[in-house]
Q: 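Just dropping this structure here.
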4 protein chains.
Amino acid sequence: MTKNKLKEVAMRLFGEKGYDGTALSEIAKEVGVKTPAIYFFYENKEDLFMTVFKEAMEFYNLFIQELSEDQAELNAKDSLYRILIRQHHFYQKNPEYSLFVLRYMLFPPSFLKETIEKAFLHSDVLLTKVIEALIVQGIQEGTIREQSVEFLVDAFLNLLDGSCMQYFYYPSTELYERKLNNAFAMYWNGACS
Amino acid sequence: MTKNKLKEVAMRLFGEKGYDGTALSEIAKEVGVKTPAIYFFYENKEDLFMTVFKEAMEFYNLFIQELSEDQAELNAKDSLYRILIRQHHFYQKNPEYSLFVLRYMLFPPSFLKETIEKAFLHSDVLLTKVIEALIVQGIQEGTIREQSVEFLVDAFLNLLDGSCMQYFYYPSTELYERKLNNAFAMYWNGACS
Amino acid sequence: MTKNKLKEVAMRLFGEKGYDGTALSEIAKEVGVKTPAIYFFYENKEDLFMTVFKEAMEFYNLFIQELSEDQAELNAKDSLYRILIRQHHFYQKNPEYSLFVLRYMLFPPSFLKETIEKAFLHSDVLLTKVIEALIVQGIQEGTIREQSVEFLVDAFLNLLDGSCMQYFYYPSTELYERKLNNAFAMYWNGACS
Amino acid sequence: MTKNKLKEVAMRLFGEKGYDGTALSEIAKEVGVKTPAIYFFYENKEDLFMTVFKEAMEFYNLFIQELSEDQAELNAKDSLYRILIRQHHFYQKNPEYSLFVLRYMLFPPSFLKETIEKAFLHSDVLLTKVIEALIVQGIQEGTIREQSVEFLVDAFLNLLDGSCMQYFYYPSTELYERKLNNAFAMYWNGACS
DNA sequence: TATGAATGAGGCTTCATTCAT
DNA sequence: AATGAATGAAGCCTCATTCAT
């Protein structure tokens, strides 16, 4: 399906080189098609971008939703750690989605700044709920010291954001993993005591 | 004068709209000059960008260096907290520099990916040393529990990166500051106990 | 059915927006069909245009021919006036045909300038004969003063052309009709005295 | 001056081939310049067209205004006849202006239908006043029979419009002139008697 | 009878860049 | 120190047209 190939290639190139840095001709070429063929499937560059963006967001939100599933049997600590690991895996297995989402979360093209901000706030709310539930579970378990939930959630979200940043920032996986583990250990340490 | 104004406007626009999304004509227009005037001061677009980039990095490194100064009189906790606050102030007082640095740290234009990576690793090393010194001080003070320094440094760097991300991500300053304080409190909690 | 609908829509759009200003896709869309369907009925854009053009000319010539019929019982003055009225009615009842004919009489697309000129000269000859017959009748009746027939024919044709122009030029029907009547009255006045 | 050459060539080509039928590249080529040079002088195709249009209208209105001048010494008949002749001369001496004005009076590109209609109504008012003055003069002279001025004005404007149409319609000058003279003679005949 | 998919040609426009002044 | 004039390259997009189905 040309239409899907276009979406995939577009996601990768938009993620790597940005909206303005990606020519439709490049996308077409990689798909093995001439540029005007794009217009058979998408209205224009913006439409292609928006389609890709929506899919990326859906996929990312799906990932967030999955974070909350299948964790019932784990204790809070393992669940939280697993979220970090899953985020890491998500980045590794879906480099195009990840790069795309990160890029346009921070640097949306001006023509859809608002749309994008709303979409990301939505994801943020989803994620916050997932974390909250786990924190509450930890407190009930007794593994997390009784204290303000908001406080614990904020710190964990910061940890996630920091890991996100570092994943794209540090080239070496080893280094990244060490930092990730150390940061989580410190978090858990603070959460318990 | 014109040369500097060009640099300033270029930094802002490159930061806001990206390298490909910024036309030299826009830069010239904001400065109140015609496009060819740029070529009197800079070889070409890349040269202007590189000049701006170097200045941004110097400025950013200066900021990092200043973090280590004037902290002798403070205890470790206050010093570390002050770093977070200073980072926040730096972003607020120098939005153009900050946005530029963040953008090109994560998404360098392909023609200078390597150069930029080196520059950022350099800054990272600088920053790591500053943190390390403070951690060691804290251990010597006895306010930080004796444990692996690397461990504490990694977690603090993660905290800084997370805060960086959130600063640009969250629109509201209040929300950002709450999250920042909560995350630091958790960090310090973990560091002591 | 589709073939005829295509012809109708094409006539209207070619008349309103010109040959170059009308895309085959627009025509197809209005007919409720995809563009390639056009090629099942017509060889290409030119062919569609020519088909439309021929029909418009036939229809217009039919109108001219009808002008000479059913007028036997009327006197010359009424017959001539009736021609003006019929022209007016023709424009009102067949706005698409009229606009099309006017547009391509004055501004033929370059690829068929000659063809079109011939077609219009043919219509002109037809019309001239009709007028001539009525003038002669008028002179025989004694209602038109005896004088050069050519002279009277030329003036009447000018009257017709002027009315044509004004019909498309003036937006208001009332204004147009007043002008038409005044112009004819003056013509008849000159013809008699 | 490239800018003026562009205007001249644009007027001719827009007049001959229509707005959609004229490529900027053609205009540029005839001027001896590459297409993007047009954008140094005009914002875009519409702007070039509008500039040409405004100039054509100004020029045409100037022509109309001049019709009323230098006619004091002539009697009404000669003045009116002279208007027809001058219109003829105007068409002959300024074929580009004339064709352009005629084309866009009848078939404005959709994006400026309203603007153009207003402009032409303005010209129409100007012209009507000129004719009116001459008719009144003729009645005062006693050369025109006393009757409704409106009636005489309408008929003369019809004569002018008819002549306009025929000028562009009939290829042969001789034929055109014969028709013109015959039509005017008939008009004057009707006006006097 | 009609469409889905695709393309070549070409149009409008922007942009970095040059060069004479 | 800066601009007016111009261009080559390239980008987005439209359109007539084709062809397999």
Side-chain angles (χ1 to χ4, degrees), chain A residues 1-3 5-6 19-29 31-49, chain B residues 1-3 5-6 19-29 31-49, chain C residues 1-3 5-6 19-29 31-49, chain D residues 1-3 5-6 19-29 31-49:
Chain A
M1 284 250 128
T2 301
K3 188 170 182 176
K5 276 201 251 166
L6 282 169
Y19 182 79
D20 294 301
T22 305
L24 290 184
S25 56
E26 284 180 89
I27 297 173
K29 193 169 217 170
V31 172
V33 107
K34 301 290 188 257
T35 312
I38 294 178
Y39 289 85
F40 183 77
F41 301 101
Y42 302 95
E43 270 182 36
N44 50 33
K45 195 180 180 182
E46 262 187 50
D47 181 34
L48 172 57
F49 181 84
Chain B
M1 285 305 88
T2 299
K3 187 169 184 178
K5 277 201 250 167
L6 283 169
Y19 182 79
D20 295 300
T22 304
L24 291 185
S25 57
E26 283 180 88
I27 298 173
K29 192 172 216 170
V31 171
V33 110
K34 304 290 186 224
T35 312
I38 295 178
Y39 288 83
F40 184 79
F41 301 103
Y42 303 95
E43 269 183 37
N44 51 32
K45 194 180 182 183
E46 262 187 50
D47 180 33
L48 172 58
F49 181 83
Chain C
M1 287 305 89
T2 298
K3 188 170 183 176
K5 277 201 250 166
L6 283 169
Y19 182 79
D20 295 301
T22 305
L24 290 185
S25 56
E26 282 180 89
I27 297 173
K29 192 172 215 170
V31 171
V33 107
K34 302 292 186 220
T35 312
I38 295 178
Y39 288 84
F40 184 79
F41 301 102
Y42 303 95
E43 269 183 37
N44 51 32
K45 195 180 181 181
E46 264 187 49
D47 181 34
L48 172 56
F49 181 83
Chain D
M1 282 251 129
T2 300
K3 187 170 184 178
K5 278 201 251 167
L6 283 169
Y19 182 79
D20 294 303
T22 305
L24 290 184
S25 57
E26 285 180 88
I27 298 173
K29 195 170 215 169
V31 172
V33 107
K34 301 290 188 258
T35 311
I38 295 178
Y39 289 84
F40 183 76
F41 301 102
Y42 302 95
E43 270 183 35
N44 51 33
K45 195 180 180 183
E46 262 188 50
D47 181 35
L48 173 57
F49 181 83

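Proteins come first, then strands; the chains are lettered A, B, ... in the order of their sequence lines, and each starts at number 1.
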Q: Provide the start and end nucleotides, 5' to 3', of the part of DNA chain F that has atoms under 4.0 Å from heavy atoms of chain B.
A: dA1(F) to dA5(F)
Q: Closer to the 5' end of DNA chain E via nearest nucleotide, is it M1(A) or A23(B)?
A: M1(A)
Q: Would you jot down, in residue-number order, the residues of residues 34-46 of chain D having a non-hydrogen atom under 4.0 Å from DNA chain E?
A: T35(D), P36(D), Y39(D), N44(D), K45(D)
Q: Could you tell me the separation between the CG atom of L6(B) and the CZ atom of F40(B), rounded to the nearest 0.5 Å?
A: 12.0 Å
Q: Can you measure from CZ (F41(D)) to NZ (K5(D)) and round to the nearest 0.5 angstrom?
A: 10.0 Å
Q: side-chain contact (heavy atoms from CB on, under 4.5 Å) between Y39(D) and L24(D): does it pass, once the steps are laid out?
A: CA-CA 10 Å; Y39(D) 289 84; L24(D) 290 184; 3.4 Å; yes
Q: Starting at the 5' end of DNA chain E and moving along, which residue's nearest nucleotide shows up first, T22(D) or T2(A)?
A: T2(A)
Q: L24(A) or L24(C): which one's nearest nucleotide on DNA chain F is closer to the 5' end?
A: L24(A)
Q: Which comes earlier along DNA chain F counting from the 5' end, the contact point of K3(D) or that of D20(C), where each point is its nearest nucleotide?
A: K3(D)
Q: Please report the closest heavy-atom contact between K34(D) and A28(D), naming both atoms and the distance.
A: C-CB, 3.8 Å
Q: First locate atom NZ of K45(A), then atom CG of D47(A), and finally report the distance between them rounded to the nearest 0.5 Å.
A: 13.0 Å
Q: In Å and rounded to the nearest 0.5 Å, what is the NZ to CD1 distance from K3(C) to I38(C)?
A: 13.0 Å
Q: Using Watson-Crick and G-U wobble pairs with both distances under 3.5 Å, what is the 5'-to-3' dot-bracket string of DNA chain F, with [ ] for crossing pairs and | for pairs outside the strand?
A: .||||||||||||||||||||
